Amino acid sequence: MAEQESLEFGKADFVLLDNVTMEDFMANLKLRFERGRIYTYIGEVVVSVNPYRSIALYGKDMIEYYRGRELYERPPHLYAIADAAYKAMKRRAKDTCIVISGESGAGKTEASKYIMQYIAAITNPTQREEVERRVIMVKNVLLKSNCVLEAFGNAKTNRNDNSSRFGKYMDINFDFKGDPTGGHINNYLLEKSRVLKQQPGERNFHSFYQLLLGAPDALLSSYHLQRDPTLYVFTREGANNNFAINDQASYRLVVDSMEVIGFSQDEVDSVYKILASILHLGNMRFTMDGDAVVLENEDLVSHVAQLTSCDADTVKKTLLYRTVAAGGGEIIEKGHSVKEAAYAKEACAKAFYERLFCWIVGRINSVIEVKDYDVRVHGKNTVIGVLDIYGFEIFDNNSFEQFCINYCNEKLQQLFIELILRQEQDEYQREGIEWQHIEYFNNQIIVDLVEQSHKGIISILDEACLTVGEVTDTIFLESMNSKLGRHPHYSSRKLSPTDKSMAFNRDFRIKHYAGNVTYSVEGFLDKNKDTLFQDFKRLMYNSKDPVLRDMWPDGQMSISEVTKRPLTAATLFRNSMILLVENLASKEPYYVRCVKPNDQKSPVVFDERRCLHQVEYLGLLENVRVRRAGFAYRQPYERFLQRYKMTCEYTWPNHLMDSDMEATRALIDQHDFQDDVAYGYTKVFIRTPQTLFSLEQERAQLMPIIVLLIQKVWRGTLARWHYKRLKSIYKIMSFYKCYKVRSHLMEIVHRFQSVRDMEDYGKSVEWPQPPAVLEKFQELCKNLHRRWRARKIVKNIPPSEMLQIKCKVCAMEALQDLRRDIGYDRAWRNNYLACETENPGGAAHFQKSLQAMRKKDGHSSVIFSCHIRKMNRFNKCKERGLVITDRHVYRLEPKKHYKLLKCVPLQAVTGVSLTPGPDQLLVLHTRKNDDMAFCLQCTEPADESRVGEFVGTLMNYFKSIPPNGKRLLEAKFGPPGGSRGETIL
Ligand SMILES: Nc1ncnc2c1ncn2[C@@H]1O[C@H](COP(=O)(O)OP(=O)(O)OP(=O)(O)O)[C@@H](O)[C@H]1O
Ligand SMILES: [Mg+2]
């Protein structure tokens, strides 16, 4: 029930009527129409009355006013229905459809356009650019396609200036976010006979007039056309009829729209060339010249040939002859009679237009069809369908087309009955809900009259078409009379001879749900057979125009090819209707029921008789009754709980009751809705939509909290998973580390276990590469091993050699690799001057001199003694003896029994300098800069270097002096291989 406006506008929902009677219904409908309220609900069905004037109901502000609102929050409107369909699709991933019905001129096409506009306006694409571009393109094409399809498929009739002469069902596809991803248009039975002939006061399709009146002069003359519709047989009837819409402006609009949709310039050109060809075909006349049939106006042939890019001779031949496959593969050409030629030409013109129309629809579909849809990325593909099909119509002269159109409306009424009236009542019964049956007229009987196999009118018509020999429309009528004579909805003049409104042998009448319609059988057989000679198809297929070729793929068949008899027009239409209804029935339907207020297209006249008739046949009052007695909403308990369980403490998060039904009851009771609800066996039924609305509102309020909760729990879960993974990783890592360490240690143990018994105590054993964590440890181990090995080696050295070893170690520390000839391998004897082999004959003198010195200075030991060669500042060399005792450094004169020449206290020595070369040059630095420079000399063997021994022995001595006593000799080194004269301090 819609938002309540003031009662001066009547009731916004017929369900709210005090008395559900036809009088009250009509009074309410009239009152609302007069007050400019053209929309009224019956529950979720919109009843729309054509206002025949523009009302400010469709602006942007109105779109915003209805956007996202529940049906019942706002006054009735098409937008509310469109929004409901969109929401159902988005919320529940349901395919929905909006079925717009009503008679010709009731406002179906207008309604469908407003619905499309609304859907286009509310579908906001997501921010991603490439998605947005596609969505905008789809929306644009869907909107622009209306203009093109109306130009080629609509015409002025006596009922409606812009009457749809084809049926249109448009699917719009959406992804899970609700963005349109594409669409598809199905077109149904174009009234192509209109191309040839129109009833008095009517027009051909708008496209012809748009071309003639709107195309630029140059284009028209290139098509050999003149700006005058009266010159062409096909447009003559409609040329002088008042027509409110400006054809010139429409032409530009259509051309622009085709471009926006994506037609190429050549394609647009081909489309208008085909229209021009049809106009020329219409003006062709045939006559007899002697025995032969000829064209009265042959120049038209060349126009048609040029416009269709065909060979002129072939065009002419196709118009005058037909090829027939005779037996034995022989092909003969058979000339038409004048009548046959005219008939073939007209068939060609009709087929031309029909194929053009279907090609345009196909071309639009190729642009908007859903491409690259990936269910894993875009989610479920959902659809909103909008059906705008020709309305029920009764003319003075009703033919095959009206028969089809009215049958289509019967089918749709049947669907409405099925979905709204019958199924609803059946369900209450099934669910055990108390229910008072409501009577309504079921039109299934009329549907059967038309479509039943073997017995229905279409079957009888097909049978007549199949019969060999001369079968006329009258024979078909006879056949119907005999087979359907007793049918309550069929009659003819023969069956009711007194009824003068029907002609003998021409008319039959069907009592439709919307009223009686008298059809003339004239042309039924022809239109049903819809014969077109193969020659025309071949002609077009062989055209150089690719658009034409594309339209006539069946023209490639060879003449001798035997084909199955094609299905008749009526059967094709019946099949497409059955498919359409099946398709609609599989979706969640929303209805717009259009009512035409008067036949004068007046905005002020409410023709009560006309309106009453429509309300009756549309079954609107029954709809109100069912609705009022019924329930607006039903849902299986499980799904109901799933959607609303968060609104009740007993059901959230899961109930503990015996059944879902009990849980539902608890939920409903808590909200105090028990008076508005009935409980079926499997479903809960809610009478008024407000109840559902308040549940929805509460749910919407709770959802953010639930979303937060779910997010929280989910994040927690993710973090816990992450933590567990990390823990496992660390565990694995620690086990692996242990394993690495252990195996490394084992390896060391393995390699070193027998070093005790090795000659070099494991010096040659290679250490394995340690893991990073053990690098330091391994260094320590190496040191340990080195020390152990040293101790082992040292232990074996006799005490007498210890001093020597210590000196060598000191030399090694001090000189490292500065010198090669340190002399580790030989015995260091220190006191060479006292050595007989080194100093034969001089050793005794030296000993004596030494004793004298000891007496004087009281030294206790000789640290080093050796012959040296001294250089003075005049570069003069002198042989000398050098003795270093623990007190002094003495220089002696060997030639004078080692007489003392110079004495420097050992304490005054601060350092020693040496060269890396073989010269054995040394400088002893002293504190008072009284340095001594000399080369060590040796006799046994002559080239023995004693520099290492000298430095090592001296260093060892200084090392052994206790720190509190004297200073230590410090040593610093330059880079290895440095220049001569480097100093060790
Ligand atoms: N909501 C509306 N507001 C203003 N004018 C409207 C509205 N609906 C319909 N009309 C007028 O009524 C005319 C006929 O409407 P429309 O073409 O939609 O009828 P229809 O039901 O599609 O008929 P048909 O079955 O012949 O195609 C429109 O051209 C327009 O002038
Ligand atoms: Mg229409």
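Position 1 is the first residue of the sequence, and the numbers go up from there. Since the structure is predicted, the reported quantities are computational estimates derived from the model, not experimental observations. Order of appearance sets the numbers: ligands from 1, and atoms from 1 within every ligand.
Contacts of Tyr58 with ligand 1, taken as heavy-atom pairs under 4.0 Å, involve the side chain alone. Only the backbone of Glu103 comes within 4.0 Å of ligand 1, counting heavy atoms alone; no side-chain atom from C-beta on gets that close.
When Asn50, Asp388, Ile55, Thr157 are ranked by how near their heavy atoms come to atom 13 (C) of ligand 1, first place goes to Asn50. One option in Glu110, Lys596, Arg53, Lys601 has a heavy atom closer to atom 4 (C) of ligand 1 than any other, and that option is Arg53.
Checked by atom type, the side-chain pair Tyr519/Asn406 shows a donor-acceptor distance below 3.5 Å.
Among the backbone and side-chain atoms of Ser112, none of the N, O or S atoms lies under 2.8 Å from the Mg ion (ligand 2).
Distance CG/Leu618 to CG/Leu412: 11.0 Å, rounded to 0.5 Å.
Considering backbone and side-chain N/O atoms, Ser104 comes within less than 3.5 Å of an N/O atom of ligand 1.
A salt bridge links Lys156 and Asp161; the closest N-O separation between the charged side-chain nitrogens and carboxylate oxygens is under 4.0 Å.
Each of the atoms 17 (O) of ligand 1 lies under 4.0 Å from some heavy atom of Asn162.
Under the 4.0 angstrom criterion, atom 31 (O) of ligand 1 counts as lacking any protein heavy-atom contact.
A distance-only check finds a donor-acceptor pair linking the side chain of His77 to the backbone of Leu57 [under 3.5 Å].
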